[in-house]
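Below is one structure, written out as structure tokens; the observations come after it.
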Amino acid sequence: MPWPLPSDFHTVVQQPQIAFRDPHLQGCRIERNALNQPRVWSGAFAVVYKAVDHDGRCWALRAFISESPKRRDHYELISAHLHTRALACLVDFEYREAAIRSASDGKWYPLVVMDWVDGMTLWTWVQSKCRKRKGTSLAKAARHWWKLTRELSAAEIAHGDLQHANVLVTPAGRLKLVDYDGMCVPALVGRRNLELGVRAYQHPQRNESTLLTTSLDNFSALVIYVALRALAADPSLWSRYVEQSHYDKLLFRAEDFLDREQSSLYRDLMNSPEPAVRTLATKLFCFACESLDHTPPLNELVSDPSGRAGLVRRAAPERPWDPGDQSVVPREKPTARVILKVLAGPLKGQSFSTQQHNTMLVGRGTDCHIRILGDRQISRHHFLLELVPPHARLRDLDSQNGTYVNGVKYGGRSTAEVDQRKVEEQVPEVDLRHGDQITAGQTILLLQVEGVAASSCPREPECAEPPCLPEPTASPRILDQLKVLAPLEKGVLGTVFKAQYRENQRMVALKIVKPAIEIGQAQRRCVQTAMESVLTLRHPNLVGLLESGEAGQAFYFVQEYCDGGNLKQWLADQGGPLAFGAVREWMLPCLDALDYTHRQQMVHGNIKPENVLLHIEQGKQIAKLADCGLARILDQAGCLGMTATARDSDNFHFLPRERVIDFRDVRPQSDLWSLAAVFYYLLTGQFPRDRIGDEPLSGILDSEPIPIRRRDARVPESVARAFDRALNANPKKRFPSAASMKAHLE
């Protein structure tokens, strides 16, 4: 009797009550497709269905489509070994010998029941990152892959079929391995393969006679690692070797390993901008020419994927964060400059440049830094450039015709002739590098980077190393007197911990900020100098900064502790907007704090509900502004990386228009706009601006704040006039000072 076909299982699973022997599975619902048929994931040796039980738990049901007498023994030995190893990258499973019925003969056949893993295949995930040119994300995936293969090796496990479809990337960014038909554990060493794996990922010498060994994954692990590292260094490889040729693997073909001199991929890898890729690719192709068992484990070839050397000290119990490498010392960085040269269009021959974190708005509007007139294909606000030399990012602002980088379209609006689904897949932003060409209408811009080697400019800012906390110094620091407790929250700036003095148990808040990109000593000195002014600020409605300093690669800030949470949390607890009487008790003190701050020739620069804290004093809730000047100082030094073009930023709702046009334009009137926006939100439950389209930055530039009484007619007219004036899009038409705004409200 022949083994059942996939269609035999496909037919029977439509009625789980007769398809499965297990009563629990009989009550499950099989996921269906758009045609109301069971959705099936097909492989070389099995079909997989997703089942959902009454409790909402999801299962992967794997029915085999070929016979193998040794399969049961194979899975039982694997299961026994995995019970002694707890690996996060593997999924629990149970092999059942007679568990699913075939529609063709009514007999029972084997079934593997596994926990369902939500996520996408590694191929799909890599495709999305390459299209967005997210080099940092790909480099991070390579580090995760290195750790995964090291754990497998330490557990004496070989998956046996490492390839993109058997590696799932979960929504949390974790890597999970599925399909254990070819797995080897110590009890299986020396037995025959049940499957050979996908040829493009396997050593050329692997065949039907290859015996199982726990080192069987070494070559495949290196293939995937090199692919990820190469794409991180140059995401355009994906377009050339995968998309243009409609290939369904990660870069490499089996033919590449048969004759590397004929491989164009090999030549491109030898010209990779990253030296490590060139070295690893050379080793990979050499191992392909040698015996299968000569390829060492990946962790022996790459001792540390982060590139750091030496031992890493573990976090002390009273400092519950990674202390980082004690040998890492912030270094001086050469001054970099980003230059934009206009190669074609109405502005041909002009150039624009910056050496500091800056933004450039491009379009035909009067408020654009690069104003392009005489071209009907240019929108009023076409795209925004954010520059943190040597890094650069472009974000299309929902322009009519989109923006092209090296011929690839980003953003743009849908038209009747354009497939809406394809438009939705277009991403509005892209990280740029030296030599990229930007095209909008008739205008072509060439981006150049000076002051650093072009190959050292990643397409996306690399993350800095984890914070390194030095040993206590001779001069007493508050930081050294603290016992750090649980984390309070994690935000854009960093992680805030609750801490207390060891001697008197006084509570404080400790903020640890890890720079999003590496900054040099000059930028660090600028941050510390600017923070000296913040340290002098003392006002009852400001959260006082007690100490700031450097902790290895990170900055730390010790602040007063407020025990009432922040306005965002408080509003969520209330479940709706507040009456003006309640809001008034917090808004007026905040205006006092701003008036004091502005008279000290400082601005806050980042007012939002999370930065208005509540502190309980004598049974009364006192409002205090937190992080005064902190985000502005770190942002202008480039510590926070790309913030003006950050996708889906929560801060956009409380950002005045001038901050989008020029994020360095921080004036007292900008603080008044943001504070009014915060309390507008508390009063009405809505933001001052209606969102236009899917692009929040475009909405800020092209829309006007809605008068507050249109949101809620119960707001007194005198109060509404004050809010509407403070929220005027033109800074010159707002209140001249916080004191003036407070007087109008009173």
Side-chain angles (χ1 to χ4, degrees), residues 128 131-133 239 340-350 352 358-387 392-432 436-447 642 644-649 652-653 655-663 687-706 729-730:
S128 68
R131 285 179 172 178
K132 297 178 183 179
R133 302 172 77 169
S239 174
L340 290 164
K341 293 184 177 180
V342 186
L343 304 181
L347 302 181
K348 182 179 179 180
Q350 296 189 33
F352 309 86
N358 222 326
T359 54
M360 290 185 182
L361 182 61
V362 181
R364 55 181 172 80
T366 57
D367 51 2
C368 292
H369 303 95
I370 303 178
R371 191 182 184 196
I372 304 174
L373 299 177
D375 186 345
R376 294 183 177 179
Q377 292 181 298
I378 298 293
S379 297
R380 186 159 67 97
H381 299 121
H382 202 98
F383 64 86
L384 182 70
L385 285 169
E386 184 169 13
L387 310 169
R393 179 181 290 169
L394 179 149
R395 179 162 182 157
D396 184 87
L397 298 176
D398 197 26
S399 65
Q400 181 67 43
N401 300 300
T403 308
Y404 292 80
V405 177
N406 301 327
V408 179
K409 185 178 181 181
Y410 295 88
R413 303 176 198 164
S414 61
T415 64
E417 294 79 20
V418 179
D419 183 0
Q420 179 64 32
R421 182 176 59 83
K422 292 183 179 179
V423 171
E424 291 173 353
E425 290 176 354
Q426 294 174 353
V427 292
E429 68 219 6
V430 57
D431 292 309
L432 306 172
D436 281 348
Q437 285 195 3
I438 305 164
T439 303
Q442 302 169 12
T443 297
I444 300 177
L445 300 170
L446 173 66
L447 185 138
M642 301 293 181
T645 54
R647 191 166 176 79
D648 298 329
S649 172
F652 286 164
H653 298 298
L655 199 65
R657 188 173 181 272
E658 65 269 14
R659 293 290 308 282
V660 175
I661 297 173
D662 183 358
F663 89 101
F687 302 116
R689 290 177 293 239
D690 284 336
R691 184 164 175 169
I692 299 178
D694 295 327
E695 173 50 63
L697 290 181
S698 179
I700 294 175
L701 292 169
D702 298 332
S703 64
E704 295 291 334
I706 305 299
N730 186 347

Tightest non-hydrogen contact, residues Thr359 and Val660, listed as OG1-O, 4.3 Å

Please collect all salt bridge (Lys or Arg N to Asp or Glu O under 4.0 Å) contacts where either partner lies in residues 369-378, sequence neighbours excluded, each pair once. none

Between Ala729 and Glu704, the two heavy atoms sitting closest are CB-OE1, 3.3 Å

Listed partners of Arg657 passing side chain to side chain donor-acceptor pair (under 3.5 Å), at least two apart: Asp367

Atom pair NE2 (His382) and CG (Asp396), whose distance is rounded to the nearest 0.5 Å: 5.5 Å

Residue pair Gly363 / Cys368: nearest heavy atoms and the distance that separates them: N-SG, 3.5 Å

One pair to check against side-chain contact (heavy atoms from CB on, under 4.5 Å): Phe352 and Met360. What are the steps and the verdict? CA-CA 9 Å; Phe352 309 86; Met360 290 185 182; 3.9 Å; yes

From CD (Gln400) to CD (Gln377), nearest 0.5 Å: 10.5 Å

Provide the closest heavy-atom pair for Arg131 versus Tyr410 in the form atom of the first, atom of the second, distance. O-OH, 3.4 Å

Among Leu361, Thr403, Asp398, find the residue that satisfies the side chain to side chain contact (heavy atoms under 4.5 Å, CB included) test when tested with Phe383. Thr403

Distance, nearest 0.5 Å, that separates CD of Glu429 from CZ of Arg393: 5.5 Å

What distance do Leu384 atom CG and Ile661 atom CD1 have between them, rounded to the nearest 0.5 Å? 10.0 Å

So how far is it from Leu697 CG to His381 NE2, rounded to the nearest 0.5 Å? 11.0 Å

So Thr443 and Pro346, do their side chains get closer than 4.5 Å, heavy atoms only? yes

Give, for atom CG of Leu447 and atom CD of Gln437, the distance between the pair rounded to the nearest 0.5 Å. 10.5 Å

CA sep, side-chain torsions, deciding dist, call: Arg364, Ile372, side-chain contact (heavy atoms from CB on, under 4.5 Å): CA-CA 5 Å; Arg364 55 181 172 80; Ile372 304 174; 5.6 Å; no

Identify the heavy atoms of Gly402 and Lys409 that sit nearest to each other, and give their distance. CA-CE, 4.0 Å

Worked verdict on Lys348 versus Ile444 for side-chain contact (heavy atoms from CB on, under 4.5 Å): CA-CA 8 Å; Lys348 182 179 179 180; Ile444 300 177; over 6 Å; no

One pair to check against side-chain contact (heavy atoms from CB on, under 4.5 Å): Val362 and Ile438. What are the steps and the verdict? CA-CA 11 Å; Val362 181; Ile438 305 164; over 6 Å; no

Side chains of Asp690 and Ile706: does their closest heavy-atom pair fall under 4.5 Å? yes

Side-chain heavy-atom pair Leu385, Leu432 within 4.5 angstrom cut-off: yes

